[in-house]
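As the structure is a computational prediction, the values presented were derived from the model and not from experiment.
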Amino acid sequence: MSHRTLDISSISAKDLKLKKVSCFSNKMGLYATVSINGSSNSSEQKTPIDKNGGSNPIWNSPMKFIINDVPAAQQTIVVKLKAKRIIWDKVIGQVRVPMKELLDNYGDSKGENQISYTVVTPSGKAKGVLDL
């Protein structure tokens, strides 16, 4: 079995259109969860909560994923942006990156690459940009 690793060194978002989630706080805590759908050994990883970034949160939280020998066309990186709330956290948007697209564009590069994708709300509207 061949295994490759995917290292994500920084995640940030910009120009998110946020609504006030709680009447108890002026500062909304935002975080991101990252997982790989279609991978047999993927686990979800979570960034720290950014309470100060507002609509432009930055999470400098390194993550490492093992990509197994499942065909890249069957794997998708899923990043969900969530607002921390008292009772349950709310998904405010997500990005889905096909692994094949990522590997075709950046698979042989040795250095760091930055990619940007449009954040889409659960209702399907564009909501900002996510940088990986």
Of the non-hydrogen atoms in [X] and [Y], which two are nearest, and what is the gap between them?
| X | Y | result |
| --- | --- | --- |
| K51 | G29 | CG-CA, 4.0 Å |
| S61 | P48 | CB-CD, 3.4 Å |
| W59 | L30 | NE1-O, 3.0 Å |
| P98 | T76 | N-CG2, 4.3 Å |

Just how far is it from atom [atom1] of [X] to atom [atom2] of [Y], taken to the nearest 0.5 Å?
| X | Y | atom1 | atom2 | result |
| --- | --- | --- | --- | --- |
| N37 | Q75 | CG | CD | 9.5 Å |
| L6 | K64 | CG | NZ | 10.0 Å |
| N60 | I11 | CG | CD1 | 9.5 Å |
| M63 | E44 | CE | CD | 9.0 Å |
| K82 | I92 | NZ | CD1 | 11.0 Å |
| T47 | L81 | OG1 | CG | 8.5 Å |

For [X], side-chain hydrogen bond (donor to acceptor under 3.5 Å, both in side chains) partners two or more places apart:
| X | value |
| --- | --- |
| N56 | none |
| T33 | none |
| D15 | none |
| T118 | none |

Is there a path from [X] to [Y] through hydrophobic residues (I, L, V, M, F, W, Y) whose side chains come within less than 4.5 Å of each other?
| X | Y | answer |
| --- | --- | --- |
| Y31 | V91 | no |
| I115 | V95 | yes |
| M99 | V97 | yes |

Contacts of type salt bridge (Lys or Arg N to Asp or Glu O under 4.0 Å), residue K125, not counting sequence neighbours
none
Can you name the residues that form a salt bridge (Lys or Arg N to Asp or Glu O under 4.0 Å) with K46, not counting sequence neighbours?
none
Sorted by chain and number, sequence neighbours left out, side chain to side chain contact (heavy atoms under 4.5 Å, CB included) with V120 holds for none
side-chain contact (heavy atoms from CB on, under 4.5 Å) evaluation trace for Q94 with L130:
CA-CA 9 Å; Q94 76 172 356; L130 179 80; over 6 Å; no
Going by heavy atoms in the side chains, are [X] and [Y] under 4.5 Å from each other?
| X | Y | value |
| --- | --- | --- |
| F65 | V34 | yes |
| L16 | P57 | yes |
| V79 | Y117 | no |

Any chance CD1 of I8 has more than 12 other-residue heavy atoms, nucleotides or ligands included, within less than 6.0 Å?
yes
